[in-house]
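Presented below is the structure to which this report refers.
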Protein chains: 2
Amino acid sequence: MEGDSKSRIRLSNEANILRAAEHVFARAGFVGATMAEIAECAHIPKSNLHYYFKSKKAIYRAVLANILSLWLAQTDSIHEDNDPRTALTDYIRAKMQLSVTHPDASRVFANEILHGAPEIGDYLREDLRQLVERKAEVIEHWIAQGKMMPVDPKYLFFTIWAATQTYADFDTQICAVLGVQALDAQQMHKATEHLTELLLCGCGIAH
Amino acid sequence: MEGDSKSRIRLSNEANILRAAEHVFARAGFVGATMAEIAECAHIPKSNLHYYFKSKKAIYRAVLANILSLWLAQTDSIHEDNDPRTALTDYIRAKMQLSVTHPDASRVFANEILHGAPEIGDYLREDLRQLVERKAEVIEHWIAQGKMMPVDPKYLFFTIWAATQTYADFDTQICAVLGVQALDAQQMHKATEHLTELLLCGCGIAH
DNA sequence: TATAATCTTGACCAAATGGTCAGCTTTTAC
DNA sequence: GTAAAAGCTGACCATTTGGTCAAGATTATA
């Protein structure tokens, strides 16, 4: 492991920098974010950033790595032993929860993909693709057993991802339409209920 | 009208610049796009951009204005005289079609909102909000008549927008998962069918 | 054809930005 | 306690970028 030899100070400061960087990248994207902004947000002089990270791109990569590890741990509920209703309900709920607890992470991820995924393209084509392949088989299995209507599992994932992440990525638009300043817990709960019912019903899983 | 006094040359060159700019802004976002890139993509020297547009932001605003006029003309099918099945099918289809025919427009729009809609915030809070308010009433009406299950119309719009635009905005991710280079007409057709069935079924409208 | 209006373009500029570095301070290890 | 390692920072630099401008070329108008 690489984490072994890192001092307490280094660990703490790297975490602080990555937290600040995620926030700034979320607001401005990779090119729009400036090292000066990140430094200010982390409450350290700009030069100090370069003591802990070689370059702006190195910070960006580290932020993305954190986000990807978050993303991976989300599909646990989808395995054959579960029934589809519980599994999909939990999955949608977990995805929505991510939009609540880590909106900046979602925005950085969205921005990266929107610009062609120059940094995480390989991850998408390898790890993510295999993960979806495996989970799709589980859903196909449920369908074969008659527990769900026949929907293409991959397209179902695309829809779930889009519909849940939109509450983080495009919250500006949603707030504007709803006429509110920010999405509160109650609205996010309502959105979760709405989406769960809509999609489960769409998959032919009775409520 | 402002278009009256514009010469043929001016009209043609402005259109050419806006076409190039939309492409570059879609790839790189506002900050990431450079005037040099736009100029190269439009096959004119950089100085010439400034003869037709005051600044980079002026080009960006003009590109957004074009996109918004595209967006507005999309909700025609949703009015009381139609039955919900036809209306929603047409709406979803039209939205998906936009992702096929104008992916760059969708990406520029997505990027603008992802970064907090600094330029079109007012449009979202006024025009778009009122439009959705009106269309939501139509859907509420259908629900009151028992033609649909009771779904919150606004959240339904959020889901439709997200699920359709994801095929333009996040096509990199979708291509990676599907293991293809680009989405072809057949895949987009399948996605449209999938989404229509899923959402109509979710709204309690029999297929 | 004359001339005024529009269009084109290379050279140039000021500001912003990512990154470097030498020297200083603090922490760690023995 | 002391020396070495790790951490910190202001001053500085090269490059990029949006934008300006003056002078020349083309087009419209009479």
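We name chains A, B, ... by the order of the sequence lines, and we start the count at 1 in each one. Just so we're clear, the structure is a prediction, and the values are computed from it rather than from any experiment.
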Atom pairs, N/O to N/O, protein against nucleotides 28-30 of chain D, distance under 3.5 Å?
| unit_1 | atom_1 | unit_2 | atom_2 | d |
| --- | --- | --- | --- | --- |
| D:dA28 | OP1 | B:Arg8 | NH2 | 3.0 |

- prompt: Any luck finding a side-chain donor-acceptor pair between B:Tyr60 and B:Glu112 under 3.5 Å?
  reply: yes
- prompt: OP1, OP2 of C:dC7 versus side-chain N and O of B:Arg10: anything below 4.0 Å?
  reply: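 Yes.
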- prompt: Excluding sequence neighbours, so at least two apart, what forms ring pair (Phe, Tyr, Trp, His ring centres under 6.0 Å) with B:Phe109?
  reply: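 B:Phe109 satisfies ring pair (Phe, Tyr, Trp, His ring centres under 6.0 Å) with B:Trp71 once adjacent residues are dropped.
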- request: Report the C-alpha separation of B:Ile59 and B:Phe25 in whole Å, then their side-chain angles, then the decisive distance to 0.1 Å, and conclude whether the side chain to side chain contact (heavy atoms under 4.5 Å, CB included) test is met.
  value: CA-CA 10 Å; B:Ile59 298 181; B:Phe25 283 135; 4.0 Å; yes
- prompt: What orientation do B:Tyr155 and B:Phe158 show, parallel under 30°, tilted 30 to 60°, or perpendicular over 60°?
  reply: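 Perpendicular.
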Heavy atoms, side chains only, cut-off 4.5 Å: are [X] and [Y] in contact?
X        : Y        : value
A:Phe30  : A:Val63  : no
A:Ile78  : A:Trp142 : yes
B:Glu193 : B:Glu197 : no

message: Would you compute the distance between atom CG of A:Asp169 and atom CD of B:Gln165 and round it to the nearest 0.5 angstrom?
response: 12.0 Å
Note: B:Glu22-B:Arg27 ion pair, threshold 4.0 Å (strictly below): no
Where along [range] does a heavy atom come under 4.0 Å from DNA chain D, residue by residue in number order?
range                       : value
residues 109-121 of chain A : none
residues 26-41 of chain A   : none
residues 44-57 of chain B   : B:Lys46, B:Ser47, B:His50, B:Ser55, B:Lys56

- request: For A:Ala117 and B:Thr172, work out which heavy atoms get closest and say how close.
  value: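 Closest heavy-atom pair between A:Ala117 and B:Thr172: CB-CG2, 3.7 Å.
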- prompt: Within the distance-only criterion (no hydrogens, no angle test), does the side chain of B:Thr101 pair as donor or acceptor with the backbone N or O of B:Gln97 below 3.5 angstrom?
  reply: yes
task: For A:Asn16 and A:Ala42, indicate whether the former's side chain and the latter's backbone hold a donor-acceptor pair under 3.5 Å.
output: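 Indeed, once roles are kept as given, a pair shorter than 3.5 Å links the two residues.
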task: Please state how far atom CG in B:Asn13 lies from atom C1' in C:dT6, giving the value in whole angstrom units.
output: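 Nearest whole value for this atom pair: 11 Å.
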query: In chain order, what residues pass the salt bridge (Lys or Arg N to Asp or Glu O under 4.0 Å) check against A:Asp122, with sequence neighbours excluded?
result: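 Residues passing salt bridge (Lys or Arg N to Asp or Glu O under 4.0 Å) with A:Asp122: A:Arg125.
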